[in-house]
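To start, the structure under review is shown below, and the notes come after it.
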Amino acid sequence: MAAAAALARLEQKQPRARGPTSQDSIRNQVRKELRAEAAVSGDPEAPGSNTAPEPKEEGSAHLAVPGVYFTCPLTGAILRKDQRDARIREAILMHFSTDPVAASIMKIHTFNKDRDRVKLGVDTIAKYLDNIHLHPEEEKYRKIKVQNKVFQERIHCLEGTHEFFEAIGFQKVLLPIPDQEGPEEFYVLSEAALAQPQSLEWHKEQLLSAEPVRATLARQRRVFRPSTLASQFDLPADFFNLTAEEIKREQRLRSEAVERLSVLRTKAMREREEQREMRKYTYTLLRVRLPDGCLLQGTFYARERVAALYGFVREALQNDWLPFELLASGGQKLSEDENLAFNECGLVPSALLTFSWDAAVLEDIRAAGTQPDTSILKPELLSAIEKL
């Protein structure tokens, strides 16, 4: 703000000389500082900047990781956060050409966000199919009236249900109604589908057991050479769970900090405050220092369990069957069996941990007259090692 004000004052004073002046130098310096500030804050409207800032995912070599990315489970594509829903929707729609039943089931569970309404609709469809399976000879169970109140309230309102009925063998037809002038729309099961009751039962089970298609967090596994910067993390904004309203509250909370410190607080009160601080983070970037000093890095959800980190490290080891330990700062051992999340262990929004072979394994190796290998990662990971 001070730099912007200085620039505004300078703009009001036109230099008399045509050549460069000290004020020109100051103005250029201020503009440089404003551009640097805009690059850090990501503010496209920062004064003194005539170019739009690049996305944080690009040109961010100074960051520990360029951002948070996800993997589409259907295509394997790597997505930014803001691309997830649109690209998954696109992938599901493309899947109709190869497997319309599976695609319609994915559409029902993914496109409709109200999980309670989805469950009610799916259970109702399953009841229709159960009636057909239990009473194949009764024609009334093979017809579903589209304008039926239950059908309209529970099924017709869900995206994907029309495609599901068509994919499993129903056809929408107009049928006459006794004592009624005009015909009504019905879903009628075809004879071909009726002749394969096992298929209908299988499709019902698929529908009942399905889950929404969600992009999975990309670990962005990287391996770095030994570095004195191992404990330094420069994280992008993706790692923080602060909304615009919460950011405004931060200043108010800081102003209250002095008052809080002056009040005698119990241990329980302090722990509750710490937990509230931990909930600000959605993701965490973790590095594991290996025996040879190399660093293994990955991205995790802040609420993932410690076991996820053990699995991540184990996948990178040449001898993944050997037991090992992970130590947090201060030598605190993180147990793979403990059902603790990273934010409950204080490992957010980033942390450096130390890898150590299990003590019993080390004793056995030394008893055999050998020393444990210092290079423990798979060769394909070492071939892509980077400088931090």
Side-chain angles (χ1 to χ4, degrees), residues 70-77 79 84-173 175 184-217 301 304-305 307-308 311:
F70 298 83
T71 304
C72 175
L74 300 178
T75 64
L79 313 172
R84 287 177 296 179
D85 292 344
R87 296 289 288 276
I88 286 177
R89 175 179 284 265
E90 189 179 291
I92 290 174
L93 294 177
M94 289 176 61
H95 202 63
F96 272 98
S97 61
T98 56
D99 191 342
V101 175
S104 61
I105 290 173
M106 288 188 286
K107 186 173 181 179
I108 291 171
H109 282 277
T110 308
F111 287 22
N112 303 287
K113 303 304 181 184
D114 188 332
R115 299 303 301 155
D116 291 335
R117 177 167 285 189
V118 170
K119 185 179 187 310
L120 183 61
V122 164
D123 289 344
T124 305
I125 294 173
K127 184 65 175 175
Y128 285 137
L129 299 181
D130 278 337
N131 286 336
I132 295 170
H133 183 72
L134 295 172
H135 311 284
E137 70 288 344
E138 295 195 36
E139 185 181 354
K140 67 176 183 179
Y141 291 119
R142 304 201 297 269
K143 297 188 295 185
I144 303 171
K145 187 178 179 181
V146 173
Q147 292 303 318
N148 176 275
K149 183 181 179 182
V150 171
F151 185 89
Q152 286 288 319
E153 292 178 352
R154 299 184 183 183
I155 298 173
H156 185 71
C157 59
L158 297 176
E159 286 191 72
T161 52
H162 170 71
E163 292 90 337
F164 176 74
F165 279 116
E166 286 195 337
I168 65 174
F170 280 89
Q171 298 169 340
K172 191 180 275 190
V173 297
L175 296 177
E184 291 263 14
E185 264 192 330
F186 284 81
Y187 279 112
V188 179
L189 187 66
S190 67
E191 292 295 332
L194 184 63
Q196 297 179 323
Q198 297 87 355
S199 293
L200 285 179
E201 188 68 13
W202 167 238
H203 296 328
K204 183 196 77 172
E205 294 302 325
Q206 282 181 291
L207 180 65
L208 288 171
S209 61
E211 293 288 337
V213 179
R214 297 283 183 258
T216 56
L217 181 65
Y301 283 109
E304 279 190 86
R305 305 297 165 183

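Just so you know, these numbers use all the heavy atoms, side chains as well, and skip hydrogens, waters and symmetry mates. Note that the structure is a prediction, hence the values are computed from the model and not measured.
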Quiz item: Which atoms form the tightest heavy-atom contact between Leu158 and Thr161, and what is the distance?
Solution: O-OG1, 3.0 Å
Practice problem: Kindly give the heavy-atom pair with the smallest separation between Val213 and Pro73, and that separation in Å. | Solution: CG1-CG, 3.6 Å
Quiz item: Taking C-beta and beyond as the side chain, do Thr71 and Leu79 meet within less than 4.5 Å on heavy atoms?
Solution: no
Quiz item: If we only count heavy atoms from C-beta on, is the Val118 to Phe111 side-chain gap below 4.5 Å?
Solution: no
Quiz item: Is there side-chain contact between Leu217 and Glu304, with heavy atoms separated by less than 4.5 Å?
Solution: yes
Practice problem: Take atom NZ of Lys113 as the centre, draw a 6.0 Å sphere, and report whether it contains more than 12 heavy atoms from other residues, nucleotides or ligands. | Solution: yes
Quiz item: Mind checking whether Phe96 and Glu163 have side chains closer than 4.5 Å, heavy atoms only?
Solution: yes
Quiz item: Where do Leu208 and Asp123 land on the side chain to side chain contact (heavy atoms under 4.5 Å, CB included) test, with the steps shown first?
Solution: CA-CA 7 Å; Leu208 288 171; Asp123 289 344; 3.7 Å; yes
Self-check item: Crowding at NZ, Lys127 (>12 non-hydrogen neighbours, <6.0 Å)
Solution: no
Quiz prompt | Separation between OG1 of Thr216 and CZ of Arg84, rounded to the nearest 0.5 Å | solution = 10.5 Å
Which side-chain N or O atoms in residues 134-148 pair as donor and acceptor under 3.5 Å with protein atoms at least two apart or in another chain?
{"from": "Arg142", "atom 1": "NH1", "to": "Pro136", "atom 2": "O", "distance (Å)": "3.1"}
{"from": "Asn148", "atom 1": "OD1", "to": "Val150", "atom 2": "N", "distance (Å)": "2.9"}
{"from": "Asn148", "atom 1": "OD1", "to": "Phe151", "atom 2": "N", "distance (Å)": "3.1"}

Quiz item: Of the non-hydrogen atoms in Cys72 and Ile88, which two are nearest, and what is the gap between them?
Solution: SG-CG1, 4.2 Å
Self-check item: Minimum side-chain heavy-atom gap Val173-Tyr187 below 4.5 Å
Solution: no
Quiz item: Are there more than 12 heavy atoms of other residues, nucleotides or ligands under 6.0 Å from atom CZ of Arg117?
Solution: no
Quiz prompt | Between CG on residue Leu93 and CE on residue Met106, distance to nearest 0.5 Å | solution = 9.5 Å
Quiz prompt | pair Thr110-Arg214: side-chain heavy atoms closer than 4.5 Å | solution = yes
Quiz item: Is a side-chain N or O of Asn112 found less than 3.5 angstrom from the main chain of Glu159, in a donor-acceptor match?
Solution: yes
Practice problem: Under the side chain to side chain contact (heavy atoms under 4.5 Å, CB included) rule, collect the residues that match up with Glu201, sequence neighbours excluded. | Solution: Asp130, His133, Lys204, Glu205
Quiz item: Mind checking whether Leu74 and His95 have side chains closer than 4.5 Å, heavy atoms only?
Solution: no
Quiz item: Checking side chain to side chain contact (heavy atoms under 4.5 Å, CB included) for the pair Arg115/His109: CA distance, chi angles, key distance, verdict?
Solution: CA-CA 8 Å; Arg115 299 303 301 155; His109 282 277; 3.5 Å; yes
Quiz item: Do Thr124 side-chain atoms and Arg154 backbone N/O form a donor-acceptor pair below 3.5 Å?
Solution: no
Exercise. Grab the two heavy atoms, one from Thr75 and one from Ala91, that are nearest each other, plus how far apart they are.
Key: CG2-CB, 3.8 Å
Quiz item: Between Val101 and Asp99, does a side chain to side chain contact (heavy atoms under 4.5 Å, CB included) hold up when you go through it step by step?
Solution: CA-CA 6 Å; Val101 175; Asp99 191 342; 3.9 Å; yes
Exercise. Taking only Lys NZ, Arg NE, NH1 and NH2, and the carboxylate oxygens of Asp or Glu, determine whether Arg89 and Asp85 approach each other closer than 4.0 Å.
Key: no
Practice problem: Please assess Val122 against Phe164 for the test side chain to side chain contact (heavy atoms under 4.5 Å, CB included), listing each intermediate value before the final yes or no. | Solution: CA-CA 11 Å; Val122 164; Phe164 176 74; over 6 Å; no
What donor-acceptor contacts under 3.5 angstrom involve side-chain atoms of residues 188-198, with partners at least two apart or in another chain?
{"from": "Ser190", "atom 1": "OG", "to": "Gly169", "atom 2": "O", "distance (Å)": "3.2"}
{"from": "Ser190", "atom 1": "OG", "to": "Ala193", "atom 2": "N", "distance (Å)": "3.2"}

